[in-house]
Engineer: 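Input: one structure, supplied below.
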2 protein chains.
Amino acid sequence: MNYPTPADDGAKDDGAAPASTLGPPADGRATRWASHREERRSELIRAARRAVHRLGPDVPMEDIASAASTSKSVFYRYFRDKAGLAAAMGELVLAQMQERIAEAAAAAPSPYDGLRSMVHAYLAMAARSPNVYEFVTRGPGGAAADPAGGSVAGAAFGSFFDAVGAMIESPMRRHLDPGSQATLDYWPCAAIGLVRSAGERWLTTPPSPDKPSLDDMASLIADWLYGGIAAQAGLAVVRAPLPAAKEHP
Amino acid sequence: MNYPTPADDGAKDDGAAPASTLGPPADGRATRWASHREERRSELIRAARRAVHRLGPDVPMEDIASAASTSKSVFYRYFRDKAGLAAAMGELVLAQMQERIAEAAAAAPSPYDGLRSMVHAYLAMAARSPNVYEFVTRGPGGAAADPAGGSVAGAAFGSFFDAVGAMIESPMRRHLDPGSQATLDYWPCAAIGLVRSAGERWLTTPPSPDKPSLDDMASLIADWLYGGIAAQAGLAVVRAPLPAAKEHP
DNA sequence: CAAGCGTACCTGATACGCTGGGTATCGTGA
DNA sequence: TCACGATACCCAGCGTATCAGGTACGCTTG
């Protein structure tokens with residue numbers, strides 16, 4: 001017997017709309033659980049995040065469940081599958097990331113500085129828990145988080161990188177004339193790829209005196225990115241002289 | 001009972017050295033198979049490539065084997081595991097790619113054109129068989145082809161992207177002063193990530209009038225890459241006029 | 001109005017099916 | 001004797017099914 005709300009792992013439903021615009025019944029027995037479910041769901045996500053952080057990105061569902069001191073069945077009632085859990089976790093991580101970026105962006109007037117702080121936030125997130133980062137990005141099955149927007153069978157799982165891409169795209173629109181549509185379509189994705197690839201290599205580089213710091217790495221990457229796009233955006237390639245000093249007059 | 005040559009899937013051994021530098025006996029019964037093995041091995045790789053091309057990147061080993069009209073055990077004698085097969089296949093694909101690049105690079109004097117032809121070759125390879133591309137890059141398990149050079153437990157499987165990275169790095173050395181070590185270390189990897197990400201998105205974009213052609217895409221990507229690195233390399237951003245005559249003089 | 005029964009839903013546990021990677025065993029041919 | 005190649009097998013891990021509790025809600029009944 002399936003539960004009436006199988007596992008709506010899109011989490012698209014808003015927070016607190018108990019029961020007023022509903023048609024006929026509004027049965028209290030049914031609505032009673034709405035808030036509970038939501039709370040439990042995020043609790044499960046947090047527990048899973050901890051488990052992945054400690055046990056690695058390949059931890060089986062059963063171990064995740066027992067780390068949350070419950071059993072698989074609960075997780076499979078709240079998330080369609082392991083990829084669904086990963087996606088939900090990605091949203092959480094990304095939301096935290098967005099907070100940090102919003103702070104940083106407020107203090108960074110130029111587009112270049114905005115870009116750099118985004119890269120910085122991304123790198124910092126990944127470095128804080130590589131296991132969680134890997135679980136969220138590469139997905140459990142390996143096919144979850146492809147950089148391509150749409151799966152063949154319009155399954156539309158808004159995965160981690162799609163969200164990041166959207167985050168990049170909107171500020172870009174203001175600096176790029178609408179003629180270059182292809183750039184607008186492909187650059188965010190390309191930029192993510194660059195950051196991801198360089199970032200992951202940086203992450204797995206063993207610490208050594210030669211290894212760049214997080215700040216250095218963020219600047220390096222932002223330079224590459226910015227140099228590549230600035231010409232098309234018609235922006236002067238004036239960069240702030242790097243973290244230590246402030247920007248040009 | 002293990003075979004004396006379990007499955008040396010590194011394929012680091014050179015092409016045609018049958019048996020001469022071996023130590024004591026050079027038993028005819030033992031050496032008889034050397035050339036056979038080698039031949040069979042590449043035959044298996046080609047068959048697997050065909051199978052993956054037709055059946056998709058998630059095809060099970062058993063189906064690969066039967067598509068090669070043999071059985072799993074043969075593959076597992078020639079390759080340590082599925083990832084080993086993928087790596088071997090990657091080497092083959094990459095070797096073919098390198099040929100095409102060598103041709104193109106010969107006709108392209110400027111660094112920019114060299115870069116663009118590399119991107120073009122990469123994209124063309126991916127577009128020719130997306131299934132094979134995916135199998136080779138993302139690897140079967142999902143963890144095989146990470147952009148990071150070394151695994152934690154120095155397993156050193158020289159995977160696809162490592163080889164591509166090396167291919168980029170050597171020409172770069174000539175244009176970049178040795179002061180910027182970090183750039184030399186991380187840029188090839190970063191560039192691959194950009195190409196990969198944008199390329200994969202382009203690959204999976206359904207054909208439409210707005211979709212850029214392969215040539216356009218290669219130019220677009222090369223521009224981004226080149227703009228990002230040219231400043232550090234101290235190169236003028238002079239580009240060859242491009243096939244289809246793009247904008248920005 | 002309150003006691004009581006049925007209802008709707010959640011929980012956590014165990015057990016199962018199934019896919020697919022990798023291995024061991026065996027007969028066969030040069 | 002050696003490698004070959006097919007079959008049968010083991011096992012991890014995802015996802016599903018089933019079941020016995022447990023708790024708040026709501027409808028009935030006295």
Side-chain angles (χ1 to χ4, degrees), chain A residues 1-9 18-19 24-41 43-44 47-48 55-86 135 139-144, chain B residues 1-7 9 19 25-41 43-44 47-48 55-66 68-86 135 139-144:
Chain A
M1 200 66 75
N2 272 339
Y3 286 69
T5 308
D8 167 21
D9 64 359
D27 190 338
R29 262 121 86 221
T31 59
R32 173 165 78 102
W33 300 99
S35 68
H36 166 67
R37 278 185 68 89
E38 208 147 332
E39 186 178 327
R40 187 83 211 272
R41 180 187 164 90
E43 179 187 325
L44 289 177
L55 271 28
D58 290 326
V59 56
M61 267 318 237
E62 198 152 347
D63 294 11
I64 293 180
S66 62
S69 46
T70 179
S71 56
K72 273 200 300 180
S73 52
V74 176
F75 272 90
Y76 278 102
R77 204 168 302 130
Y78 279 89
F79 308 96
R80 191 199 333 273
D81 53 14
K82 210 176 182 181
L85 171 61
F135 184 77
Chain B
M1 207 60 73
N2 273 338
Y3 285 72
T5 308
D9 64 359
D27 188 340
R29 297 202 293 278
T31 58
R32 178 163 67 114
W33 300 97
S35 67
H36 167 65
R37 276 185 69 86
E38 207 148 330
E39 186 178 327
R40 188 81 214 275
R41 181 188 162 91
E43 179 187 327
L44 288 177
L55 273 26
D58 290 326
V59 56
M61 270 312 241
E62 200 151 346
D63 294 12
I64 293 181
S66 62
S69 45
T70 180
S71 57
K72 274 200 300 181
S73 55
V74 177
F75 273 90
Y76 278 102
R77 195 165 309 134
Y78 280 88
F79 308 97
R80 187 195 337 269
D81 53 14
K82 208 176 182 182
L85 172 61
F135 184 77

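Proteins come first, then strands; the chains are lettered A, B, ... in the order of their sequence lines, and each starts at number 1. Values in this document were obtained by computation on a predicted structure and should not be read as measured data.
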Engineer: How many angstroms lie between NZ in B:K72 and CE in B:M61, if you round to the nearest 0.5 Å?
Structural biologist: 8.5 Å
Engineer: Base, sugar-phosphate alone, or nothing: which one does B:T70 contact when heavy atoms must sit under 4.0 Å apart?
Structural biologist: sugar-phosphate
Engineer: So that I can tick it off, tell me whether B:R40 and B:E43 are bridged by a salt bridge, with the cut-off set at under 4.0 angstrom between side-chain N and carboxylate O.
Structural biologist: yes
Engineer: Separation of A:R77 atom CZ from D:dT16 atom P, in whole Å?
Structural biologist: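 Computing the A:R77:CZ to D:dT16:P distance gives 12 Å.
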Engineer: If you check every side-chain atom of A:P60, which of D:dG13, C:dG21, D:dG5 has the closest atom?
Structural biologist: D:dG13
Engineer: Could you state the atom-to-atom distance from CG of A:D58 to P of D:dG13 in whole Å?
Structural biologist: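 Taking CG of A:D58 and P of D:dG13, I get 9 Å after rounding.
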Engineer: Is the backbone of A:S66 close enough, under 3.5 Å, to the side chain of A:S69 for a donor and an acceptor to pair up by distance?
Structural biologist: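 No; zero donor-acceptor contacts below 3.5 Å.
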Engineer: Would you check if A:F75 and A:T70 make a side-chain contact, meaning some heavy-atom pair closer than 4.5 Å?
Structural biologist: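 Touching, per the 4.5 Å side-chain cut-off.
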Engineer: Can you tell me the distance, in whole Å, between the CG atom of A:D81 and the P atom of D:dG15?
Structural biologist: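 Value for this atom pair: 5 Å.
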Engineer: Which heavy atom of B:S71 sits nearest a heavy atom of B:A65, and at what distance?
Structural biologist: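 In this case the closest contact between B:S71 and B:A65 is C-CB, 3.4 Å.
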Engineer: So, is B:Y76 near the phosphate of C:dA24, with a side-chain N or O under 4.0 Å from OP1 or OP2?
Structural biologist: no
Engineer: Take atom CZ of B:F135 and atom C1' of C:dG21, then tell me their distance rounded to the nearest Å.
Structural biologist: 12 Å
Engineer: Rounded to the nearest 0.5 Å, what separates atom OH in B:Y78 from atom OG in B:S73?
Structural biologist: 11.0 Å
Engineer: For nucleotides 9-12 of chain D, tabulate all protein N/O to nucleotide N/O atom pairs closer than 3.5 Å, reporting atom names and distance.
Structural biologist:
none

Engineer: Check whether any side-chain N or O of A:R40 sits under 4.0 Å from OP1 or OP2 of C:dT11, and answer yes or no.
Structural biologist: yes
Engineer: What's the closest nucleotide to the side chain of B:S73 if the choices are C:dC10, C:dG12, D:dA6?
Structural biologist: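 In terms of side-chain proximity for B:S73, the closest of C:dC10, C:dG12, D:dA6 is D:dA6.
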Engineer: What's the CG-C1' distance between A:L55 and D:dG13, to the nearest Å?
Structural biologist: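 In whole Å, D:dG13 C1' and A:L55 CG are 15 Å from each other.
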Engineer: Side chain of A:K82, heavy atoms from C-beta onward: which of D:dG5, C:dG22, D:dG15 has the nearest atom to it?
Structural biologist: D:dG15
Engineer: How many whole angstroms separate atom CE of A:M61 from atom P of C:dG12?
Structural biologist: 15 Å
Engineer: Is the shortest side-chain N/O distance from A:S71 to OP1 or OP2 of C:dG12 below 4.0 Å?
Structural biologist: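 Checking C:dG12 against A:S71, no side-chain N or O comes under 4.0 Å of OP1 or OP2.
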Engineer: Measuring to OP1 and OP2 of D:dT23, would you say a side-chain N or O of A:H36 lies under 4.0 angstrom away?
Structural biologist: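 Checking D:dT23 against A:H36, no side-chain N or O comes under 4.0 Å of OP1 or OP2.
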